[in-house]
Amino acid sequence: MTSDSNPQPDKADVAILIVDDDPRNLFAVRETLEDLGAQLVLARSGEEALKHLLRQDFALILLDVHMPGMDGYETAELIRLREKSRHIPIIFLTAINKDETHIFRGYATGAVDYMFKPVDPLILKCKVAVFLDLYRKTEEVKREVEAKQRLLDENERVRREMRQAEQALRRSEERQALILGQLPIVLYTADLTPGIPFRYLSDTTETVLGCPAARFIEDPQFWESGLHPDDRSRVLRQLEAVHETGLTMVEYRWRGPDGGERHLLDQAVVVRDEDGVPTELFGTIMDVTETRQAQQQLAHAQKMEMVGRLTGGIAHDFNNMLMVVIGSLERLVPGLADDPKAARRAEMALQAALRCSDMTRRLLTFARRQQLHPEPVDLGALVTGMGELMERTLGGGVAIAIEAPPADAEPLWTASVDRSQAESALLNLVINARDAMPGGGTLCIRTVNTRFEEPQTAHGMSVPAGDYILLSVSDSGCGMPPDVLERAFEPFFTTKETGKGTGLGLAMIHGFVKQSGGLIGIDSTPGAGTTFRLYLPRAAMDALQGPAPDDDGADEAFAGRGETVLVVDDDADVRAVAVQAVTALGYRVLEADGAEAALTLLDRQPVDLLFTDIVMPGGLNGRELALEGLRRHPSLRVLFASGYANGTSAPEPEAGASADTGGAADPGAVLGAVLSRAETLPKPYRDGVLARALRRALDLQAPLAPAEAVRG
């Protein structure tokens, strides 16, 4: 049995292991050492002692030598074999083994002392006290060493964290400096004295403002001297008010030493000390020039779109009125053969109406709603063919030079453009060049093949990479300053005297080129002349077609043969003129004022050709009417008429779809493919144009086979 002393062992800082098989000896030793303030652990065998050593550490072991089973020597040897207990001092106590051999064996097994029973209590107590004091001092040294090591470790951890924090701060500052260096922003501090002189400006000052920071600091008036005169008083007044408001944001124009004008956004806040007294101004200056330019371009584009919509709508309605005038005059002129004077007046009215029609076409070109008829055109031949006309237009004071591609160069590609619109655009550029050279000069026109390797953007136009034909017109005239160049394509903007220009010429050229899928470039220097560059798309095939004949009247070969034509138009006057013209050509005519009435007629009786206006208010438009008519009656032919397309283009056939698929293709795609080949007559049209279009639609359009019709 093992008994442990319990003099508040939880408060004892040391423990002594007493090992003896005699309970009386254990009691005697415990009574002797009890007042030393140590925890006394008693064990009656070597095995029990080893178990206690596994559980805790001891300052001293008092070990009886002679014990049954495992004696003191064997126990000491095992204690010394364990790493955890080999350092504990051992004092052997014995009443039997007192010869030198046993004493030597005790010291050999690791004992620090060898005492004989009966033990003098005072001597034992003194010796144990020495070992306890030594243990306490050793433990205190250990604690001090551990505390010092903890301090060293903590100090090293703190230093390591500080290094890491410094490195992170340095990396953050480098990143911030890199970001700020790439942004159009200047950081600054300034005094709150009148004039607000700068104290500090960031390194981005020269990039943003065009001059080094030192210039602003050394000369307090330098920043103020660069303010735009129209902005100066407003900006200074607002900055002076920052004392009361605590912060401010002001935008102004600033002109630097390089002469360039910048739009700057200045945001500043007052910095106060601990007592709340204003000490300085901290702020940022951001270059918002590109943003303002983009906003101006957007506003200009929106204005162009708004004017274009208005112009296109007016031109469309005007075309409908001209359709009535021209159609009525064409009906009237043949009946005045017996009255030359009246016939001449009617012809004059007809020609005036035709000139009005030409003007509306120009307005629709400006509005990008004119129906262009692109065809393969040799721009080199077009320029050469207009040479005589251009010479008469320029007069004798201007020399004209037409540059053809070099003989060893690749032949000029064919452009895909509307021939008449291309001629009109060239003539407009020639007239502008003449007006820019009132004292005479040189006009150079050249055509050359151009290939864009990447998409290009300019003046509100964007074109993909590909092949284009450049038509360049250069003059040696007065040129245009930057502010005029920015507004060159703005409708109704002109620098010419009142009565000498409408301001629509370049706007119409812009509309024609954009609608054709091309690009415009301008180079102009005041006093050195201007060059206009028109990049027009290359035709898919370089086969040329000659200009269409001028159809002033109807030919008997294009007369009707009794076919039934359904005329559809929501305007009663226009419809009446169209009905008269088609009837006069020898066709049987039906009429309808809209899609619903037209479909009713198509279902009631056979119709050979549907002749419909495209733009009709409410319900189906002309193309949707034609699509539904083809679904119900696959043999129907279609001819369109419109003042402008206005976004109602025919459905595009799907890839791979054709009219000869035997029903394998999507029916909607097949019908769309048929409609995409239908001709569209631009209003107002002449009788001859109408006659040819009707015959082409009836004779050349391939109707859908019944098997390809969409049923149900």
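Quantities reported herein were computed from a predicted structural model and do not represent experimental measurements.
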So, using side-chain contact (heavy atoms from CB on, under 4.5 Å) as the criterion, who are the partners of [X] when residues are at least two apart?
| X | answer |
| --- | --- |
| L620 | A595, L599, E624 |
| D467 | W413, R451, R538 |
| E596 | none |
| R434 | T393, L394, I431 |

Could you tell me the separation between the [atom1] atom of [X] and the [atom2] atom of [Y], rounded to the nearest 0.5 Å?
| X | Y | atom1 | atom2 | result |
| --- | --- | --- | --- | --- |
| L625 | I614 | CG | CD1 | 11.0 Å |
| K514 | I509 | NZ | CD1 | 15.5 Å |
| M461 | I520 | CE | CD1 | 3.5 Å |
| D593 | D570 | CG | CG | 8.0 Å |
| D418 | L536 | CG | CG | 11.5 Å |
| L609 | L566 | CG | CG | 9.0 Å |

Please find the pair of heavy atoms, one from [X] and one from [Y], that lie closest to each other, and give the distance.
| X | Y | result |
| --- | --- | --- |
| L382 | A422 | CD1-CB, 4.3 Å |
| V463 | G518 | CG1-O, 3.2 Å |
| L427 | M386 | CB-CE, 4.2 Å |
| A425 | L534 | CB-CD2, 4.5 Å |

Ignoring hydrogens and angles, tell me if any N or O in the side chain of [X] forms a donor-acceptor pair with the backbone of [Y] under 3.5 Å.
| X | Y | result |
| --- | --- | --- |
| N621 | V615 | no |
| H633 | V607 | no |
| S524 | M480 | yes |
| D613 | V568 | no |
| D475 | T530 | yes |

Test side-chain hydrogen bond (donor to acceptor under 3.5 Å, both in side chains) applied to [X] - qualifying residues, sequence neighbours left out:
| X | value |
| --- | --- |
| T457 | S462 |
| Y587 | R695 |
| T531 | S474 |
| Q456 | none |

With the side chain counted from C-beta on, respond yes when [X] and [Y] share a heavy-atom pair under 4.5 Å apart, and no when they do not.
| X | Y | result |
| --- | --- | --- |
| Y468 | L470 | no |
| D608 | R637 | no |
| L610 | L630 | no |

Using the salt bridge (charged side-chain N to carboxylate O under 4.0 Å, His left out) criterion, which residues pair with [X]? Sequence neighbours excluded.
| X | answer |
| --- | --- |
| D523 | R533 |
| R446 | none |
| E591 | R575 |

Original post:
How about Q605: does its CD atom have over 12 heavy atoms from other parts shown lying under 6.0 Å from it?
Top reply: yes
Subject >> Partner of I469 under side-chain contact (heavy atoms from CB on, under 4.5 Å), chosen from V448, L412, V377 >> reply: L412
**OP:** Just jot down the ring pair (Phe, Tyr, Trp, His ring centres under 6.0 Å) partners of F532, sequence neighbours excluded, or say none.
**Re:** none
Subject >> F611 and L681: CA distance, side-chain angles, deciding distance, side-chain contact (heavy atoms from CB on, under 4.5 Å) verdict >> reply: CA-CA 10 Å; F611 180 34; L681 284 183; 4.3 Å; yes
